[in-house]
Structures are given as C-alpha cells and as structure tokens.
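In what follows, a structure is listed as structure tokens, so that the remarks can point back to it.
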Amino acid sequence: MIPLPNNAEIFPDADSVARAAADRLVALCAESRQERIAICLSGGSTPKRLYALLAGPDYVGALPWERLHWFFGDDRFVPWTDEASNVHMARTAFGDAPIPEGHLHGIPTDGTPESAASAYAETLRGFYGADDLDPARPLFDLVLLGLGEDGHTASLFPGKPAVDEREAWVVAVPEAGLTPFVPRVTLTFPALASARQLLVLVTGAGKREPLTRLAEGEDLPARHISSVGTLTWLLDRAAADLG
Ligand code: 6PG
C-alpha cells in the first residue's frame, strides 16, 4: 500500500469510485437550496464511468437536472466534435441525460486559446455574479478533478506557468505536458479551489507512481489542489496498491 493523501477513501474498483462520487452528487443536490447547482467536470478517461452512471437508470431520476449546470475544469483546444475534446467525451458519456439546453458550458474552441480562456472566465464570472471569488460563497458546488501520471491535474502541468497563476480564473496552456500535445485551456488553482466539495478521482495501477511521488513530498501540480470547502480523494485499490 502506498502512503495516501489526507482525506483519501479507498474503494474496491473504478465502478465503486464512480458510484461514491455519484452518491455524493445526489446528496449535495438534495441538501442544496440553491436554484442553480454548479458542477465543474474533469476530463480524460476516468470520469467517463461517472458521467455514464449519472445518466443511467440508477441515478438519472435522483438528480435535479433542471437546476444543474455543468462546467469544465479544462479542455483541449480542439473542436467539440474532436475525439480529444472533453466536451465530446462528456456529451458522449452523458448520452441521453436530460441536460437542458444551455446547461452544459463548454470551453470555447474558436479564436485562440488565450481568447477562449478570457471568454470562459467571463462565462464563469457571469454565472457567479461577481469578479472576485468569495471563500464564503464558492463558485462551484462540486469540482471533480483527476490525476495525471505526471502529477498534473486539469491542464496544470509540471513546470508550466499556469500552475503558479493566482489571479486569473482561466488561462491558456500553449504546450501541454502530456498527450494529447495540443494547446489547452484550464481553470487555475484559485478557481478550482472555489468549491463546496472537491473530489479527486484516481483509479488504476498507473496512478500509483504520481500518488507515491506526491506522498514523498514532490512538488507536483496536484499537490496544490485545495478547496475552500471539503477535499476528498476517491481511490480504487489498484491505484492505492492494495492488490
Ligand atoms: C484532461 C483532464 C486531466 C485528467 C488527467 C487524468 O483534460 O486530460 O482534465 O487533468 O483528469 O490527465 O486523466 P485520466 O483520467 O485519463 O487518467
């Protein structure tokens, strides 16, 4: 077993990690008295299982879809029709989920990564209703993040300037640190931290190395994941090296 992050919960497999995250979202929605509930989606492959679960018979009837707004923590700067797009991944995984028109807020992919970052920051500020993030009033009700094999999260890659951004909510990442090597647009750590709940979903043996490096104190980007609310790592046994 590898040394685990604080606030880590271990589950038998990737499906039970997804179910644990889905259960938390259902509970969050049930407790919320807000007219709108903002979820920040992670990209890559790990969350596909969760998004499909939410759209499936076990959960679709338990969620207030008309109140839910779905945002993205990052995306590859490719058309939403591109297989590498996180919007494409989420739309595919959500399938026939009853997401109302205008409730899936993808990161723009026209113009330049810089103009897309500015435009998405405006979208977030418009939804939030203020230019500064108040820790007492988080931007997101739930933020989902993943962990890359190099220790990145969202599109905040080791050695790239975006990791150190503390003012802008959204920035361009001209050079990704891991495949796909396309420009990215990513929320920054201050924006991602503006969460009532933040969940980091990590599954599979391929994540043992970054988890170990983090546990050994290496200053990888994922070390800077924080939340003004709660922060919980949901790991499966394979990632935690529990056989
Ligand atoms: C992305 C993601 C990225 C992802 C990690 C883990 O756009 O790729 O936002 O941060 O969460 O790379 O990806 P996997 O789930 O595919 O291992």
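As the structure lists them, so they are numbered: ligands from 1, and atoms in each ligand from 1. Numbers here are sequence positions counted from 1.
Between F72 and Y120, the gap from one ring centroid to the other reaches at least 6.0 Å.
Heavy atoms of G73 come nearer than 4.0 angstrom to ligand 1 in no pair at all. Residue contact check for ligand 1: K207 places a non-hydrogen atom closer than 4.0 Å to it.
Any N or O atom pair closer than 3.5 Å counts here, and S45 shares at least one such pair with ligand 1. Ligand 1 has a nitrogen or oxygen under 3.5 angstrom from a nitrogen or oxygen of T46.
Within the cation-pi definition used here (under 6.0 Å to the ring centroid, within 45° of the axis), R196 does not qualify as a partner of F140. A cation-pi geometry, defined here as NZ or CZ lying under 6.0 Å from the six-membered ring centre and within 45° of its normal, holds between R137 and Y128.
Heavy-atom proximity to atom 4 (C) of ligand 1, evaluated over A222, G43, P221, is greatest for G43. Comparing L156, L41, L147 by heavy-atom distance to atom 6 (C) of ligand 1, the nearest is L147. Considering each of A154, G148, S155, the one bringing a non-hydrogen atom nearest atom 10 (O) of ligand 1 is A154.
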Run the numbers on R19 and D58 for salt bridge (charged side-chain N to carboxylate O under 4.0 Å, His left out), then give the verdict. CA-CA 10 Å; R19 285 184 178 280; D58 292 353; 2.9 Å; yes
Report the C-alpha separation of E149 and K207 in whole Å, then their side-chain angles, then the decisive distance to 0.1 Å, and conclude whether the salt bridge (charged side-chain N to carboxylate O under 4.0 Å, His left out) test is met. CA-CA 6 Å; E149 295 185 0; K207 302 299 171 72; 5.8 Å; no
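Between F189 and H224, the angle of the ring planes lies from 30° to 60°, which puts this pair in the tilted group.
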